[in-house]
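I am attaching a structure below and will ask some questions about it afterwards.
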Amino acid sequence: MSRVAVVTGGNKGIGLAIVKGLCKQFNGTVYLTARDASRGQEAVKELNEQGCQPRFHQLDVSSLDSIHRFKQHLEQEHQGLDVLVNNAGVMYGRSNPTPLVEQVDVTMGINFFGTANLTKVLKPLLRPHARIVNVSSGLCDLSHATPERRQTFRSEQLTEEELVQIMEQFVSDVKSGVHEEKGWEMELLAYRVSKMGVTALSMVLQRQFDATPGADVVVNAVCPGWVKTDMGGASAGRSVEKGAETPIYLALLPPNVSSPRGKYLRDKEILSF
């Protein structure tokens with residue numbers, strides 16, 4: 001049975017570079033998914049011209065309907081999944097005039113809730129030795145959080161339900177205008193909190209999988225570094241290829257690897273969260 005890898009937000013930037021790298025190194029079918037079908041198909045065409053043969057499927061991680069359609073497709077076509085790279089993400093720049101409430105809704109909906117929902121829905125399809133890579137950011141650094149919140153996010157007892165509640169409460173606090181007094185006061189607020197959630201989610205999910213003996217499903221979060229993309233901007237110091245290196249390394253971790261499992265990495269090195 002052919003192995004299957006999926007990359008979300010694969011039509012440009014780091015996502016596209018991850019798809020390209022997996023096409024060269026992963027022994028199986030690689031899916032490039034994107035919210036915009038025409039952009040996704042254009043990206044596949046671009047990779048075809050470079051000798052790579054990914055498959056395309058439309059996927060909007062902020063839509064449960066879209067997620068379930070994609071699950072149905074994977075189930076019917078492949079009966080399973082071996083690699084999931086949750087790369088789809090959005091960030092509003094520092095000077096973006098969009099109201100904070102809207103920024104938080106959109107950013108959390110894609111970066112955190114989209115990643116959490118997609119992973120939850122596709123979980124039953126994961127085969128033994130499956131690998132999940134959650135693309136996070138250096139901005140998820142908890143040094144900006146209150147001591148209590150740091151403790152909560154790092155707690156080995158934190159459950160997925162509790163984490164989702166914290167993220168929902170954050171959105172609610174912003175809408176009520178009480179986020180600052182609740183200790184959510186930081187630059188690029190929506191993006192930072194979404195990536196704090198994604199990194200914590202990786203650790204929570206790993207504990208869940210470790211409770212299933214023999215499954216050997218490994219989840220890690222990764223900071224790709226400051227990369228020249230639409231999101232990172234032209235002055236970033238890294239190429240997309242460099243940004244894709246560690247996500248690809250994590251996607252291809254060998255069976256029964258002892259480490260990294262449920263970790264946060266940059267340049268293949270484990271960092272503290």
Side-chain angles (χ1 to χ4, degrees), residues 14 86-116 133-207 219-227 229-233 235-238 243 246-247 260 262-267 269-273:
I14 296 168
N86 285 308
N87 165 76
V90 63
M91 181 178 82
Y92 289 84
R94 286 177 174 83
S95 55
N96 193 294
T98 306
L100 182 61
V101 169
E102 194 182 321
Q103 288 192 27
V104 164
D105 248 354
V106 173
T107 307
M108 296 298 290
I110 294 170
N111 297 8
F112 178 77
F113 295 111
T115 293
V133 182
N134 292 328
V135 177
S136 185
S137 163
L139 294 174
C140 80
D141 177 11
L142 284 172
S143 63
H144 296 271
T146 62
E148 298 77 13
R149 199 161 277 134
R150 279 202 291 275
Q151 199 177 353
T152 303
F153 273 91
R154 290 173 178 156
S155 168
E156 302 231 332
Q157 276 68 52
L158 181 67
T159 66
E160 188 174 356
E161 291 73 20
E162 287 165 346
L163 179 61
V164 167
Q165 279 170 5
I166 292 167
M167 297 287 105
E168 286 173 343
Q169 187 61 52
F170 163 68
V171 175
S172 170
D173 288 346
V174 171
K175 288 180 177 175
S176 307
V178 298
H179 58 284
E180 288 188 7
E181 64 195 66
K182 296 274 196 83
W184 295 113
E185 191 178 0
M186 52 189 93
E187 199 178 28
L188 294 171
L189 179 68
Y191 186 76
R192 277 183 189 272
V193 176
S194 72
K195 294 303 188 180
M196 283 161 59
V198 162
T199 304
L201 179 68
S202 309
M203 297 166 184
V204 168
L205 290 172
Q206 188 63 63
R207 290 195 290 274
V219 191
N220 288 293
V222 57
C223 164
W226 188 20
V227 177
T229 60
D230 288 355
M231 192 186 286
S235 51
R238 290 187 167 208
T246 304
K263 300 297 183 189
Y264 168 57
L265 296 92
R266 176 181 162 133
D267 295 335
E269 297 290 324
I270 295 170
L271 303 179
S272 63
F273 166 52

Start with the C-alpha distance between M167 and V193, add both sets of side-chain angles, then the distance that settles side chain to side chain contact (heavy atoms under 4.5 Å, CB included), and finish with yes or no.
CA-CA 8 Å; M167 297 287 105; V193 176; 3.9 Å; yes
Between N134 and S136: side-chain donor-acceptor atoms closer than 3.5 Å:
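Side chains of N134 and S136: no pair found under 3.5 Å.
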Is it true that the side chains of N86 and T115 contain a donor and an acceptor less than 3.5 Å apart?
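No.
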Give a yes or no on whether the backbone of V219 and the side-chain of Q206 come within a donor-acceptor separation of less than 3.5 Å.
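Checking the backbone N and O of V219 against the side chain of Q206, a donor-acceptor pair under 3.5 Å is found.
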About how many Å separate NE2 of H179 and CD of Q169, when rounded to the nearest 0.5 Å?
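It is 13.5 Å, given to the nearest 0.5 Å.
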Within the distance-only criterion (no hydrogens, no angle test), does the side chain of K195 pair as donor or acceptor with the backbone N or O of V135 below 3.5 angstrom?
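Confirmed, K195 side chain pairs with V135 backbone.
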Side chain of D267, backbone of E269: donor and acceptor closer than 3.5 Å?
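No, D267 side chain to E269 backbone: no donor-acceptor pair under 3.5 Å.
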Grab the two heavy atoms, one from G183 and one from T146, that are nearest each other, plus how far apart they are.
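Shortest heavy-atom contact: CA-CG2, 4.0 Å.
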Does a side chain donor of either T107 or S194 reach within less than 3.5 Å of an acceptor in the other side chain?
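The answer is no; no qualifying pair exists.
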Have a look at L163 and tell me which of L158, T152, L205 forms a side chain to side chain contact (heavy atoms under 4.5 Å, CB included) with it.
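When side chain to side chain contact (heavy atoms under 4.5 Å, CB included) is applied between L163 and each of L158, T152, L205, only L158 qualifies.
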Evaluate whether atom CD of E168 has more than 12 neighbouring non-hydrogen atoms of other residues, nucleotides or ligands under 6.0 angstrom away.
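Result for CD/E168: enclosed.
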Please check if the side chain of R207 supplies one atom and the backbone of G262 the other of a donor-acceptor pair under 3.5 Å.
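Judged by distance alone, no pair lies under 3.5 Å.
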What do the steps show when you test I166 against F153 for side chain to side chain contact (heavy atoms under 4.5 Å, CB included), and what is the final call?
CA-CA 10 Å; I166 292 167; F153 273 91; 4.2 Å; yes
How about CD on E161, more than 12 heavy atoms from neighbouring residues, nucleotides or ligands closer than 6.0 Å, or not?
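Yes - once you tally the heavy atoms of other residues, nucleotides and ligands closer than 6.0 Å, there are more than 12.
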Judged by atom type as modelled, is there a donor-acceptor pair below 3.5 Å linking the side chain of N220 to the main-chain atoms of L265?
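Not a single qualifying donor-acceptor pair exists.
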Determine, for R94 against E187, whether the closest basic-nitrogen to carboxylate-oxygen distance falls under 4.0 angstrom.
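Yes, charged N to carboxylate O under 4.0 Å.
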Can you name the closest pair of heavy atoms from L201 and E160 and give their distance?
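L201 and E160 have their closest heavy atoms at CD1-CG, 4.1 Å.
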Could you tell me whether the side chain of Y264 reaches within less than 4.5 Å of the side chain of M203, counting heavy atoms only?
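M203 reaches Y264 side chain to side chain.
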Polar side-chain atom of E181 near backbone of V178 as donor-acceptor pair, under 3.5 Å
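Pair absent, no side-chain N/O of E181 close to backbone of V178.
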What heavy-atom pair brings N111 and A88 nearest, and what distance separates the two atoms?
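In terms of heavy atoms, the two residues are closest at OD1-O, 4.3 Å.
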